[in-house]
Trainee: 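Pasting a structure here, questions to come.
Side-chain atoms are counted along with the backbone in the values below, which use heavy atoms only and exclude waters and symmetry mates.
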Amino acid sequence: MKDNNSPLTKLMQDAQLSRRGFITSASAVGITSALGFSPFSAFAAEPKKGGVLKLGMSGGNTSDTLDPTLFSDWVPLNQAYMLMNGLVEIDENNKATPELFSAWEAKPGAAEWVFTVRDGVTFHNGKKLDAGDILYSINLHRGDKSKSAIKSQLAPITGLTKQGDNQILITLDSGNADLPYLLADYHLVVVPDGFTDWSHPIGTGGYVFDQYEPGVRSLFKRNPNYWKPDRAFVDAVEVLVINDPTARTNAMISGQVHAINRVDFKTVDFLKRSPALNIVRSSGGQHFTFLMDCSVAPYNNNDVRMAIKHGIDRQKILDTVLRGYGSLGNDHPIPKTDRFFNHSLEQRVYDPDKSQFYLKKAGLADLKIELSSSDAAFAGALDAAALFQGQAQKGGIQVNIKRQPADSYWDDVWMKAPFSMGYWGGRPTADQMFSTAYQSTAKWNDTHWKDEKFDALLLQARSLLDEGKRAEIYGELQSIVRDNGGAMIPLFGDYLDAASKKVGGIKPHPMFNFMGGRLAERVWLEA
C-alpha cells in the first residue's frame, strides 16, 4: 500500500521546485565530487568517543555467514571489518598500506615475498597475534575443500612458511608485482590459529561480537584494547539489513539510522536537499553487467554477443537510470581510475545497424532472447533492462524480460541463467579484477568465458615489474574482453552513501561503499 505521508513521499513532493530553487538548495547542502569535497570539512576536528552508530544496509541475506571463505555481499564484508582486520588495507588513494602485515619486501623477480607481522596486536580473547594465526587464516582459502571465491587467486602460492614469530615467506610459482594488493582482499581477514566457530568470530578488530541474526541485525561493541589508537570511536555499531531501497531511504530520512549504503540513483537528488544529510559520492570500479553464458547457445557465438553489445544506448541509460552518477562502460571491467586503463580503446556506441550486421554474420535474421533481471542486481536494473529492450529491438533483437525474485537472485539466477544482470564492486588492480571474474579457472567467472590467450597474457603481465610492459599487456587484455568476452558492461556507477551530518570523519573511497567497508571503525558521532 502506498503511504502518501511517508518521509520519502513528502521529500519527493517538496522537490517540485524551480531549477533555481534546486540549485540553491543543492549548493547549501553541498554537491559531492568523486574523491574529495567540502561538505565534511566541518568534521576535521578531533574525533569524539561514544554513542551507538546505526547503519541501514543493503546486501544481506538470511543465509549469510561470518565465515570469511563464504563472503559474497556488502553486509558480511562490513561486519567482517568490524570484528577482524585484514593483512593489507587499501587507502583512499587506492594504494596498498600496512594493516596486520606491518611491512613487506619482494625479492628480485617478485616470486618471493617477505612479510612482517605487526607486533603488539591481540585478539578479543587476549591471544597475541603471531605468524601462525596469519598462516592459518590464509590457508582457510586454500586446499581442495575450500569453497572460497579467492581460492583460484591464491593458487600460485607454492610456499607459505613462518620465519620466526613475526615474519612470513610467501613463494609463488611465478612473479606477482601486485601481491600486496591481492592480500588486501576482504576475504583475507585474520582469526586465531585453529578457530572454527563462525557463529561467534574472534578477531583483532575494533569491535567485539555481541549479537548476530543473519540477514536481519547485528550488534558489535567497541574493543577497549584495539591496537589502532585513531580508529573505533563509537561504543557500539548496530547493523540493520534493509535491502529494499525505499525502506532504506525512509530509514535515513526519518533518522532511524545514521547512514545507508547503495543510495538509489532515483532519489539521490532528493536526499541532497535535506539540510540534515550528506551524500558521499565515490568514483571507482563499480560496474553493472549484462551477463551472457558463453557455454550455451546462442551466446557461445561471439557474433551474437557483439550484436547484443551494439544494441544498447549507454549514454541514455547513464542519464536515465543512474541520473549521471557514473560513467560509460566499454564492455571491460577496468575503470578510468586504474593506472592501466586503456585510453586508446574506442568507446563502443549504440549502433542498431551493427547489431544487424553481426546477426547476419551469425546466420540469423533476428534474435529472440530472455533476460533475467531484478533490482537485486543493482538499483535500477529493471529500468535498465526495459530501456535495453526497446533499444535492442531496432537492431533485430527481441528481448523478453523475466523478472526474478530479489531474495533468491544471487543463489538461483546469477551464474545460472543464460542471460542475466549483475554488478561488480571493482578491485584495486586490473590483475585482481581479471583474475576474479575473467580468468577461465576463476570461481566467479560469471559468463563462463574461456580464452587461452587471455589466461596466458594475464599470467605474463602479473609477473612483470616493468610498469610500461604491464600497461601494454593489460591494455590488450581489456581489448580482448571488450571484443570477445561475455559481459556487456554499459555503465560504471558511482558509489553513493548517505549519512547524517551527526556522523564525523566520513569520506569518499574508491573501493566499495562505506569507505571500502571500513566506515564503522573510521567515523564518530558528533552528538
Side-chain angles (χ1 to χ4, degrees), residues 59 61 63 69-74 76-77 146-153 155 185-187 285-302 304-306 308-309 312 329-335 369-379 381-382 384-385 388 399 401-402 404-406 408-427 429-452 454-455 458 477-478 480-493 512:
N61 302 276
S63 59
T69 67
L70 301 177
F71 294 161
S72 62
D73 214 334
W74 297 119
L77 181 160
S146 172
K147 297 180 180 179
S148 176
I150 201 175
K151 177 181 176 180
S152 63
Q153 295 174 62
D185 188 280
Y186 60 87
H187 294 87
Q286 178 175 235
H287 54 277
F288 305 127
T289 56
F290 289 69
L291 303 166
M292 296 171 273
D293 185 344
C294 297
S295 67
V296 299
Y299 310 108
N300 55 359
N301 185 327
N302 191 47
V304 171
R305 301 198 296 267
M306 288 293 282
I308 291 171
K309 290 175 182 179
I312 191 166
N330 203 17
D331 298 331
H332 69 77
I334 308 306
I369 53 178
E370 182 177 82
L371 173 62
S372 292
S373 182
S374 167
D375 278 345
F378 59 89
L382 285 167
F388 170 59
V399 181
I401 300 172
K402 184 176 183 179
Q404 298 281 4
S408 59
Y409 190 81
W410 297 107
D411 292 329
D412 298 339
V413 180
W414 181 61
M415 294 191 70
K416 295 178 182 178
F419 190 28
S420 66
M421 300 178 74
Y423 80 92
W424 277 94
R427 293 298 186 269
T429 67
D431 176 78
Q432 194 174 356
M433 187 67 246
F434 282 140
S435 299
T436 300
Y438 293 85
Q439 192 171 11
S440 61
T441 56
K443 180 179 178 179
W444 285 348
N445 178 355
D446 52 10
T447 59
H448 308 285
W449 176 68
K450 300 182 186 298
D451 188 294
E452 292 182 2
F454 177 90
D455 286 352
L458 182 63
L477 292 175
Q478 290 165 61
I480 291 173
V481 170
R482 173 185 183 268
D483 294 334
N484 295 280
M488 178 169 69
I489 304 175
L491 304 171
F492 280 79
F512 311 141

Trainee: Can you confirm whether Gln439 sits close enough to Asp455 that some side-chain heavy atom of one is under 4.5 Å from a side-chain heavy atom of the other?
Mentor: yes
Trainee: Do you know which two heavy atoms are closest between Ala442 and Ala437, and how far apart they sit?
Mentor: CB-N, 4.3 Å
Trainee: Residues two or more places apart in sequence or in another chain: which of them pass ring-ring contact (aromatic ring centres under 6.0 Å, His included) with Phe419?
Mentor: Tyr299
Trainee: What closest approach, in Å, do Gly493 and Phe288 show between heavy atoms, and which atom pair accounts for it?
Mentor: CA-CE1, 3.7 Å
Trainee: Counting C-beta onward and ignoring hydrogens, is there a side-chain heavy-atom pair between Val413 and Ser374 closer than 4.5 Å?
Mentor: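 Val413 vs Ser374: side chains apart.
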Trainee: Mind checking the CG-OG1 spacing from Asp446 to Thr436? Nearest 0.5 Å is all I need.
Mentor: 10.5 Å
Trainee: Using a 3.5 Å distance criterion without hydrogens, assess whether the side chain of His287 forms a donor-acceptor pair with backbone atoms of Gly285.
Mentor: yes
Trainee: Could you grab the distance from atom CZ of Phe290 to atom CZ of Phe388, nearest 0.5 Å is fine?
Mentor: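 It is 6.0 Å, given to the nearest 0.5 Å.
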Trainee: What pair of heavy atoms forms the shortest contact from Pro335 to Pro333, and how long is it?
Mentor: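 Heavy atoms of Pro335 and Pro333 come nearest at CD-O, 3.5 Å.
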Trainee: Using a 3.5 Å distance criterion without hydrogens, assess whether the side chain of Asn61 forms a donor-acceptor pair with backbone atoms of Ser408.
Mentor: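 Answer holds: no.
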Trainee: Within the side chain of Asp331, is there an N or O that forms a donor-acceptor pair under 3.5 Å with the backbone of Met488?
Mentor: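 Side chain of Asp331 to backbone of Met488, a donor-acceptor pair under 3.5 Å: no, none is there.
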Trainee: For the CG atom of Asn445 and the OH atom of Tyr438, what is their distance to the nearest 0.5 Å?
Mentor: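 With rounding to 0.5 Å, CG (Asn445) is 9.0 Å from OH (Tyr438).
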Trainee: Hey, are Gln153 and Ser435 close enough side-chain-wise for a donor-acceptor pair under 3.5 Å?
Mentor: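 Absent: no donor and acceptor within the cut-off.
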Trainee: Tell me the closest heavy-atom pair linking Thr447 and Ala487, and the distance in Å.
Mentor: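 Closest pair (atom of Thr447, atom of Ala487, distance): CG2-N, 3.8 Å.
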Trainee: Write down the atom of Lys309, the atom of Gly485, and the distance for their closest heavy-atom approach.
Mentor: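 Looking at all heavy atoms of both residues, the closest pair is NZ-O, 2.8 Å.
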Trainee: Got a second to check how far Lys151's NZ is from Thr69's OG1, nearest 0.5 Å?
Mentor: 11.0 Å
Trainee: Run the ring-centre check on Trp444 versus Phe71 and record whether the distance is less than 6.0 Å.
Mentor: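 Between Phe71 and Trp444, which both carry aromatic rings, the centre distance is not below 6.0 Å.
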Trainee: Which value, rounded to the nearest 0.5 Å, describes the distance between Ser373 atom OG and Gln404 atom CD?
Mentor: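 Rounded to the nearest 0.5 Å, the OG-CD separation comes to 9.0 Å.
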Trainee: Could you tell me whether a side-chain N or O of Lys450 sits under 3.5 Å from a main-chain N or O of Ser440, the two making a donor and an acceptor?
Mentor: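 A pair under 3.5 Å: yes.
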Trainee: Taking Met415's backbone N and O only, do any of them form a donor-acceptor pair with His448's side chain (distance below 3.5 Å, no angle check)?
Mentor: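 Looks like yes, one N/O pair under 3.5 Å.
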Trainee: Is there a side-chain contact between Ile369 and Ile308, using heavy atoms and a 4.5 Å cut-off?
Mentor: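 Ile369 vs Ile308: side chains touch.
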Trainee: With sequence neighbours excluded, what pairs up with Phe512 under the ring-ring contact (aromatic ring centres under 6.0 Å, His included) test?
Mentor: Trp74, Tyr186
Trainee: Compare every heavy atom of Asp411 with every heavy atom of Ser63, then report the nearest pair and how far apart it is.
Mentor: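 For Ser63 versus Asp411, the nearest heavy atoms are OG-OD2, 4.3 Å.
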Trainee: Assign the ring pair Trp414 / Trp424 to parallel, tilted or perpendicular, where the plane angle (0 to 90°) is split at 30° and 60°.
Mentor: perpendicular
Trainee: With rounding to the nearest 0.5 angstrom, report the CG to OH distance, Asp375 to Tyr409.
Mentor: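 Result: 10.0 Å between the selected atoms.
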Trainee: Side chains of Arg427 and Phe434: closer than 4.5 Å at any heavy-atom pair?
Mentor: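 Sidechains of Phe434 and Arg427: no contact.
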Trainee: Given side chains that start at C-beta, do those of Met433 and His332 come closer than 4.5 Å, heavy atoms only?
Mentor: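 Side-chain contact under 4.5 Å: no.
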Trainee: Just wondering, are more than 12 heavy atoms of other shown residues or ligands nearer than 6.0 Å to NZ in Lys443?
Mentor: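 Yes, NZ of Lys443 has more than 12 neighbouring heavy atoms, counting only those of other groups under 6.0 Å.
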Trainee: Would a distance-only check, ignoring hydrogens and angles, find a side-chain to backbone donor-acceptor pair under 3.5 Å from Asn300 to Cys294?
Mentor: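 Pair absent, no side-chain N/O of Asn300 close to backbone of Cys294.
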Trainee: If we ignore hydrogens and angles and just use 3.5 Å, is the side chain of Ser146 paired with the main-chain N or O of Ser148 as donor and acceptor?
Mentor: yes
